K.L.:
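Please read through the structure below; I'll follow up with questions.
Bear in mind that the values here come from a model prediction, so they are computed numbers and not experimental data. Order of the sequence lines sets the chain letters (A, B, ...), proteins ahead of strands, with each chain counted from 1.
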Amino acid sequence: MGRHRRQQRARGRRSGRAPDAHRRRTRFHPVRPDHHPPNRSPRVPAESNVMTSTSMRTHQCGELRPEHIGQQVTLTGWVATRREHGEKLAFIDVRDHTGVTQAVVDNTVDVRSEYVVRVTGTVAARPTENLNEKLATGGIELQDCTVDILNVAEAPPFPVSERADQVAENTRLQYRFIDIRRERMQRNLRLRAAINSAIRTSMEDQGFVEVETPMLVPSTPEGAREFIVPSRQQPGSFYALPQSPQLFKQLLMVAGIDRYYQIARCLRDEDLRADRQYEFMQLDAEMSFVDQLDVHEAIGACVVAAAKAAGQDPGEIIKITWHEAMNRFGSDKPDLRFGMELTELTDVFAATEFKAFAGAATIKGINAAGKADDYGRNKLDGMTDKAKKMGAKGLVWLKVAADGTLESPVAKFLGEAEQAALKSALSAQPGDLLLIVADEWATTCEVLGTLRNDIGRPPVYEGPYRYLWVIDFPMFVGVDAVSGHPIPAHHPFTRPHPDDLHLLETDPMNVRSQAYDLVLNGWELGSGSIRIHEHELQARIFTILGISDEEAQKKFGFFLNPFRYGAPPHGGFAFGIDRLVAVLAGEENIREIIAFPKTQSGMDPMTNAPTPVVQKQLDELGIRVLPPKA
RNA sequence: GGUCCCGUGGUGAAGUGGAGUUCACGCCGGCCUGUCAAGCCGGAGGUCGCGGGUUCGAACCCCGUCGGGACCGCCA
């Protein structure tokens with residue numbers, strides 16, 4: 001740019017208005033190549049043919065093709081880049097969420113990065129030697145352009161491109177309104193919208209009725225920590241924000257809604273993670289007169305619809321029992337994309353003289369095929385530490401040498417026959433790394449399951465997508481050391497497995513429940529259960545849990561009493577939409593598919609929430625803030 | 001509540017006791033008529049998160065603190 005541009009800038013600034021005067025002829029233009037990392041997220045399906053022209057534009061920046069050649073069009077958007085070629089020629093790329101188009105302009109047009117512009121010009125074929133195959137609009141450009149500056153812009157803090165993937169996330173969140181201009185965020189948010197839409201359509205096609213439940217609800221201190229909201233009219237009393245619509249949706253079954261759903265915002269005041277935010281969205285559903293197969297079918301259809309909205313066909317959703325999941329994968333949310341299954345070795349070492357193995361309840365191993373060279377002493381020690389932290393007494397590792405012998409500190413304690421049986425059981429080949437744990441069944445499974453994930457789990461954006469139902473969860477997860485009562489694995493309204501009812505009092509730890517999880521590539525998408533609808537069974541469960549009638553009445557009275565008025569058999573499910581979208585988008589972190597997420601410490605770098613409030617607000621609520629702890 | 005990692009011009013990085021030094025991008029100015037992450041030349045821009053300590057001397061070592069991230073606990 002030269003003199004002209006400088007002068008125009010000066011004039012525009014002096015007058016303090018958008019420089020309408022900047023109408024310049026240009027020639028034409030293309031779209032910036034949409035960055036799309038290989039094996040990354042799916043593209044949002046083609047948008048419908050809705051009319052997106054407005055009084056200010058005729059087309060969007062990603063839609064012009066050679067078939068439009070000769071038409072006069074008007075585009076609106078942001079200046080993505082400017083390439084100058086002397087006083088008479090410059091190229092500007094105009095961007096909106098659909099893509100970019102190259103406009104050929106007179107270099108006296110003073111537009112800079114992220115200026116908001118309207119460009120009117122004639123669609124023209126690019127010279128054949130100047131086609132840009134990286135751009136969807138790379139066959140054309142706008143020529144004879146008039147450029148209106150609709151707004152000026154300061155230089156953005158980071159580039160509005162895939163290069164900002166390298167920028168500190170905190171900076172991206174602080175300027176989220178710029179970050180979301182990027183193709184990645186546009187794609188993620190639009191994918192999310194498409195999935196939400198598919199979920200609604202699927203649920204409604206299946207006769208589910210959307211009912212909205214309150215955000216201000218009574219506090220029920222079981223389970224996750226709640227956000228509480230002080231009541232102004234009842235000083236000293238508080239609402240809670242819902243962890244889930246659980247109680248309301250069950251009452252809707254009593255109320256004869258029959259099939260309820262809601263895309264519900266849920267809030268939990270627990271520490272944040274890559275897959276957890278304070279507030280998150282769930283597809284929440286409940287059905288009357290069903291068994292768990294009915295629920296699996298309905299929710300499965302909904303998830304399939306969501307996957308198809310992301311351009312995928314998930315195929316059949318398989319089912320395995322919790323026990324099988326633990327036994328084979330050492331996890332209740334197994335990632336089925338890779339093998340390395342847990343192999344039973346208890347019999348192999350039944351008569352061993354190796355003290356660490358002798359008498360162990362369960363001995364299992366995994367074969368990290370070909371990984372022997374990847375795991376040196378440091379990493380192996382680290383894995384051993386991890387195993388011990390998880391409660392195992394130790395971890396045995398063996399490397400298979402080129403000649404087939406086992407290299408390990410403990411090899412000398414294992415007999416030849418044992419070594420041969422071990423190699424056979426694990427199909428060991430030279431270069432393999434074998435890991436063995438001998439302990440209680442649960443510990444053995446969990447430790448090896450964790451190591452299996454650590455060693456073998458592919459990145460989230462690597463397919464295929466493997467959905468599964470994990471069914472027959474145990475009713476109880478352990479026994480309270482103080483009270484001696486069993487600890488429920490799910491909420492206390494979960495229905496026991498009908499075949500195990502007789503064991504409730506005598507052998508509670510072997511009672512299965514009618515609870516189930518939906519798992520995708522190692523992510524727990526959600527869980528549900530058939531509920532208890534009869535008063536007698538509920539009372540029996542409370543007795544087993546050590547909850548007195550009085551206590552039950554006090555804690556859950558508003559929920560239990562309605563069940564006396566004709567509660568139908570019912571069950572339901574809820575799955576986290578954020579997690580589903582993240583996996584389908586190929587994102588490791590749900591913040592990438594949320595427009596305005598919180599950081600790990602629960603803050604929003606853009607709004608600076610949470611903030612102190614003025615004293616008057618506290619006074620009205622009868623709240624006094626204590627000084628910080630020393 | 002805990003473990004570990006990270007804070008250096010607008011952005012990303014390099015700098016492990018000796019001058020705010022370096023690189024790329026961006027920004028500002030100049031040149032440039034077919035670029036498309038244009039190119040070439042020049043320039044500006046920093047309280048090395050903050051506070052304290054050690055040292056003749058600290059971006060660098062120590063302590064604290066704030067902010068960010070991963071994980072454990074937690075998430076019926």
K.L.:
Report yes if the ring of A:Phe158 lies under 5.5 Å from the six-membered base ring of B:U11 with planes under 30°, and no otherwise.
P.N.:
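Aromatic stack with B:U11 absent for A:Phe158.
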K.L.:
Side chain of A:Leu89: nearest nucleotide among B:G34, B:C31, B:G12?
P.N.:
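The listed nucleotide nearest to A:Leu89's side chain is B:G34.
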K.L.:
With side chains defined as the heavy atoms from C-beta onward, is the minimum distance between A:Val79 and A:Val94 less than 4.5 Å?
P.N.:
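With C-beta onward as the side chain, the pair stays apart.
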K.L.:
With the threshold set at 4.0 Å, does a side-chain nitrogen-carboxylate oxygen contact exist between A:Lys389 and A:Asp385?
P.N.:
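So A:Lys389 does not pair with A:Asp385 through a salt bridge.
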K.L.:
For the side chain of A:Asn130, counting heavy atoms from C-beta on, which of B:G68, B:G12, B:C36 is nearest?
P.N.:
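Out of B:G68, B:G12, B:C36, the nucleotide with an atom closest to A:Asn130's side chain is B:C36.
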K.L.:
Does A:Asn132 get its side chain close enough to the base of B:C36, under 3.5 Å, for a donor-acceptor pair?
P.N.:
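Counting by modelled atom types and ignoring angles, a donor-acceptor contact under 3.5 Å is found here.
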K.L.:
Would you indicate what A:Ala164 reaches in the nucleic acid, counting non-hydrogen atoms under 4.0 angstrom: base, sugar-phosphate, or nothing?
P.N.:
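Contact class for A:Ala164: none.
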K.L.:
For the P atoms, the ones on B:C62 and on B:G69, what distance do you get once it is rounded to whole angstrom?
P.N.:
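Between the two P atoms, the distance is 24 Å.
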K.L.:
Starting at the 5' end of RNA chain B, which residue's closest nucleotide do you reach first, A:Asp271 or A:His85?
P.N.:
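Nearest-nucleotide comparison on RNA chain B picks A:His85.
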K.L.:
Pick base, sugar-phosphate or nothing for A:Asp275, based on heavy-atom distances below 4.0 Å to the nucleic acid.
P.N.:
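Contact class for A:Asp275: none.
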K.L.:
Looking for any heavy atom pair under 4.0 Å, which part of the strands does A:Leu131 touch: base, sugar-phosphate only, or nothing?
P.N.:
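Since a base atom lies under 4.0 Å of A:Leu131, the category is base.
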K.L.:
Would you indicate, yes or no, if B:G73 has its OP1 or OP2 atom less than 4.0 angstrom from a side-chain nitrogen or oxygen of A:Lys389?
P.N.:
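Answer is no, no contact under 4.0 Å.
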K.L.:
Looking only at side-chain atoms of A:His490, point me to the closest of B:A76, B:A70, B:C32.
P.N.:
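Of all the options, the side chain of A:His490 is nearest to B:A76.
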K.L.:
Give one of base, sugar-phosphate or nothing for A:Ser601, where a contact means two heavy atoms less than 4.0 Å apart.
P.N.:
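Touches sugar-phosphate only.
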K.L.:
With respect to the side chain of A:Phe91, which nucleotide from B:C36, B:A76, B:G34 is positioned closest?
P.N.:
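Shortest atom-to-atom distance from the side chain points to B:G34.
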K.L.:
Do any side-chain nitrogens or oxygens of A:Thr599 fall under 4.0 Å of OP1 or OP2 in B:G68?
P.N.:
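So the side-chain polar atoms of A:Thr599 do come within 4.0 Å of the phosphate oxygens OP1 or OP2 of B:G68, strictly under.
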K.L.:
Is atom OH of A:Tyr175 surrounded by more than 12 heavy atoms (other residues, nucleotides or ligands) closer than 6.0 Å?
P.N.:
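For A:Tyr175, atom OH is not crowded (no more than 12 foreign heavy atoms under 6.0 Å).
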K.L.:
With nearest nucleotides of RNA chain B determined for A:Arg268 and A:Asn170 from heavy-atom distances, which residue corresponds to the more 5′ nucleotide?
P.N.:
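Counting from the 5' end, the first nearest nucleotide belongs to A:Asn170.
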K.L.:
Could you please name the option among B:C75, B:C31, B:G12 that lies closest to any side-chain atom of A:Ala224?
P.N.:
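The closest nucleotide is B:C75.
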K.L.:
Using OP1 and OP2 only, check whether a side-chain N or O of A:Arg112 sits under 4.0 Å from B:G29.
P.N.:
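Affirmative; the distance criterion is met.
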K.L.:
Between A:Leu525 and A:Leu520, what is the shortest heavy-atom contact and its length?
P.N.:
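So the two residues come closest at CD1-CB, 3.7 Å.
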K.L.:
Look at the side-chain N and O atoms of A:Arg273 and state whether any lies under 4.0 Å from the OP1 or OP2 oxygen of B:C72.
P.N.:
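Affirmative; the distance criterion is met.
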K.L.:
Classify A:Arg172 by what it touches in the nucleic acid, base, sugar-phosphate, or nothing, heavy-atom distance under 4.0 Å.
P.N.:
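The residue A:Arg172 makes no contact with any strand.
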K.L.:
Side chain of A:Pro127, heavy atoms from C-beta onward: which of B:A70, B:A38, B:G34 has the nearest atom to it?
P.N.:
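Comparing B:A70, B:A38, B:G34 against the side chain of A:Pro127, the answer is B:G34.
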K.L.:
Of the listed nucleotides (B:C75, B:A70, B:G34), which one gets closest to any side-chain atom of A:Arg276?
P.N.:
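In terms of side-chain proximity for A:Arg276, the closest of B:C75, B:A70, B:G34 is B:C75.
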K.L.:
State which residue, out of A:Arg531, A:His533, A:Gln250, fulfils the side-chain hydrogen bond (donor to acceptor under 3.5 Å, both in side chains) condition with A:His570.
P.N.:
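Between A:His570 and the candidates, side-chain hydrogen bond (donor to acceptor under 3.5 Å, both in side chains) is satisfied uniquely by A:Gln250.
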K.L.:
With C1' as the reference atom in both, quote the distance from B:U65 to B:A19 in angstrom, rounded to an integer.
P.N.:
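Pairwise C1' distance, B:U65 against B:A19, rounds to 29 Å.
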K.L.:
Just checking A:Gln600: base, sugar-phosphate only, or nothing, at a heavy-atom cut-off of under 4.0 Å?
P.N.:
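Base, at least one base heavy atom under 4.0 Å.
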